Amino acid sequence: MEMGKAANYENELATELRLGLLGTDHHEPEKQSFPSSLVIKSNKRSSSEMDYNSSDKCDQDSAPPPKAQVVGWPPVRCYRRNALQQQKKTESDVSGMYVKVSMDGAPYLRKIDLRVYKNYPELLKALEVMFKCTIGVYSEREGYNGSDYAPTYEDKDGDWMLVGDVPWNMFVSSCRRLRIMKESEAKGLGCL
Amino acid sequence: MSSEDRSSEMSEDEERPPSSDPAAGVGGVKPPRSPSTVHGGDLPCSYISPNPDQVLENVLENVLCFLTSRRDRNAASLVCRSWYRAEALTRSDLFIGNCYAVSPGRVINRFKRVNSVAIKGKPRFADFSLLPADWGANFTPWVNSMAGAYRGLDKVYRGLEKVYLKRMSVADEDLAVLAHSFPNFKELVLVCCDGFGTNGLAIVASECRKIRVLDLIESELVEDEVDWISCFPQNGTCLESLIFDCVDSPINFEALERLVVKSPSLKKLRLNRQVTIVQLYRLIVRAPQLTHLGTGSFGPGEIVAQGEQEPDYVSAFAACKSLVCLSGFREINAHYLPAIVPVCANLTSLNLSYATISTEQLKSFIYHCHKLQTLWVLDSVCDEGLQAVAATCKDLHELRVFPIDPREDVEGPVSEVGLLAISEGCRKLQSILYFCQRMTNAAVVAMSKNCPDLVVFRLCIMGRHRPDHLTGEPMDEGFGAIVKNCKKLTRLAVSGLLTDKAFSYIGQYGKLVRTLSVAFAGDGDMSLKYLVEGCPNLQKLEIRDSPFGDLGLLAGLHHYYNMRFLWMSSCRVTRAGCSRIARQLPRLVVEVISSDDDGEGRDIGDYDDIEGRDVGDLVGTLYMYRSLDGPRADAPRFVNIL
């Protein structure tokens, strides 16, 4: 699991680098795509592609990482993409902000409405109750050191972040889904 | 001028001035319609008894007026010189499929009396950010030529009434020239265009006194916030169609309301998302004669206070007895959906592709839509929603299912289940565009058998190289069945895991295919060979990220003059291969864009180079097209013309 990103988060809010992938080990990291992109493996329907698809089915509890986005694919016109993006923003203002929550080891996912909570402590308490686990207290330096689990989330850019690093409002608007990781795995995210 | 002309045969004739042919008798004879513009100018103008040849030409012109199809006209123009001239004088609708296939000068030289012009510019893959900005396709030289600016003559196309542009860059100045130069100007339709703003619209609104149609569709406007709606004449307009859903800036609603009231001929109105449902109400009660309505945002904008009287939307819609086409529904608040129920029974066209509605929400009104022929939806309606459509819309001709989440590795709400249901319920289907995350050959085969009238089949399995998700097989058999069973098929877009076999099927059975889109498919050059050798009607071929190289490219030499264009990006053609094409086919313009503008070393990735050539030679994007006028002068720095 890559570690550099979280450390730089404070300084570079919108970094363009995409990290290597979480969850599946036997998949080579995709290269970053350039404006007129080469697509790696376009002429090799290699086994790792197939494995990737099948691994999708078995690793339901660890959120499968997205492939690096290729320019202009899927072929939806920019106009339409932008219009839908705009709508997602306004819709999330009006209705709830439901995100999926998974926990390592749990058989199925839950969904919560982030708008219901006003701050991190409320959210964490709710998660503890929902999943019957202890998450502990967040510290900027050490993350959730000392507890069994650490809450992480996937942000708008597709990166996995430690819950608590950014101001609450920013978190709510950028969080796409949550994953409660075992502390041993989360170690890399919190420390420098 | 049509792009289907045989360019090599016509060029000599076009250069010869008409006055050198005595049989033409140009000076003394009036053509059937309006007074002719002077051609040669050297012959005496005194009346001479027309010779038999001239009578024939008059008759011809009168008869040719009835030919409207451009294919027929092209055929007629090839009969002989006399027919060529007569056809040129009587063609009133110009269609230019590729703005660079011919120069404006050549066009206005040949066709003298034109009242409608349609021009298409950038290749379609530009819509997906595959072409850098400033590539070209500017309207400026066209509008200036038509206005006679370059020749110092009186307006060349004085009678110009209609302009239709697709994927062109249009400047505000161009719109100004349009407005100033053509007193009869009536219809402006801009689809997927850019470069202009509300400034330009203001000029059109205020100066085109006869304007009937102003349609702006999926165009990207420059952000200037001019109140163009107020620029329409205050005492009334003859507007029949006003479409501006893509104009994102706020509009002066009071002015719009006045405009609608003062435009009794208005039949088509599509609002932008700045217009709330409350405002929509005020408009439709004043224009119940509308046939096509695009709602703005289908919600109140601000929260409606409890107990506040809401307008009777249901009655307002019910009063629109002529409504056949509904669209818009931006930022939809599903609470208001029941308002459209009164009009559902009459709808033939419904565009919900910006409305994230669920299965249940769709079901709440789709069961009334028996007459629906065109439906665009988002996949948020799920397979079950499509099943509801299949159960009700027996007359469906065109279906488009767009993804709410256009990414590769998400769960898709629609699949082969929805496609199968549609194929079983909507037997008259002619055109389908379907985005999904998983598909099976069986469903596609079923559609090929259930829907024999299919003319357009575009299936986009969003994950690259995805096989049939039940059998694990490539999608070859599915697409093979489509080309084999759908005998009327002219447009095809393929996706998913595809081997050379799929392309051999297309080459073997796709005899009528004119437009083909390929992405992330095929094993190698054979695929491309199958296509260019097997499909005689192939006109537009766009390929991206597929392992096709020079061998495949060169296999099509015999066919490229018959095509409007070939696009290949991130494939395996080399500069040398493209140069060879350019040398052997001098009337082809071969544009090459390297995959990295800075000219630095390319990131090669893990391509194997079986041809033994230096992989640095690979071309990023190849775009080639036939042209009567050679390489364009306005190519930007990043385009190399070989």
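The structure displayed is predicted, hence computed values, not measured ones. Quick note on labels: first sequence line is chain A, next is B, and so on, each numbered from 1.
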| field | Partners passing side-chain contact (heavy atoms from CB on, under 4.5 Å) against A/V137 (at least two apart in sequence or in another chain) | value | none
| Residues which pass side-chain contact (heavy atoms from CB on, under 4.5 Å) with B/P413, listed by chain and number, not counting sequence neighbours | B/D379, B/C382
| field | Proximity breakdown for B/D194 and chain A, heavy-atom pairs closer than 4.5 Å | value | neither
| message | Counting only non-hydrogen atoms closer than 4.5 Å, can you tell me which residues of residues 72-82 of chain A sit against chain B? | response | A/G72, A/W73, A/P74, A/P75, A/V76, A/R77, A/C78, A/Y79, A/R80, A/R81
| request: Go through the atoms of B/F435 and report whether side chain, backbone, both or neither lie under 4.5 Å from a heavy atom of chain A. | output: side chain
| So which part of B/E218 gets closer than 4.5 Å to some heavy atom of chain A, the side chain, the backbone, both or neither? | both
| field | Test side-chain contact (heavy atoms from CB on, under 4.5 Å) applied to A/E128 - qualifying residues, sequence neighbours left out | value | A/K125, A/T134, A/I135
| Contacting region of B/C246 [heavy-atom separation from chain A under 4.5 Å] | both
| What closest approach, in Å, do B/L378 and A/L84 show between heavy atoms, and which atom pair accounts for it? | CD1-CD2, 3.9 Å
| Given that the side chain runs from C-beta out, which part of B/S353 has a heavy atom under 4.5 Å from chain A: side chain, backbone, both or neither? | both
| message | Counting only heavy atoms not in B/Q274 (residues, nucleotides, ligands), do more than 12 fall under 6.0 Å from its CD? | response | yes
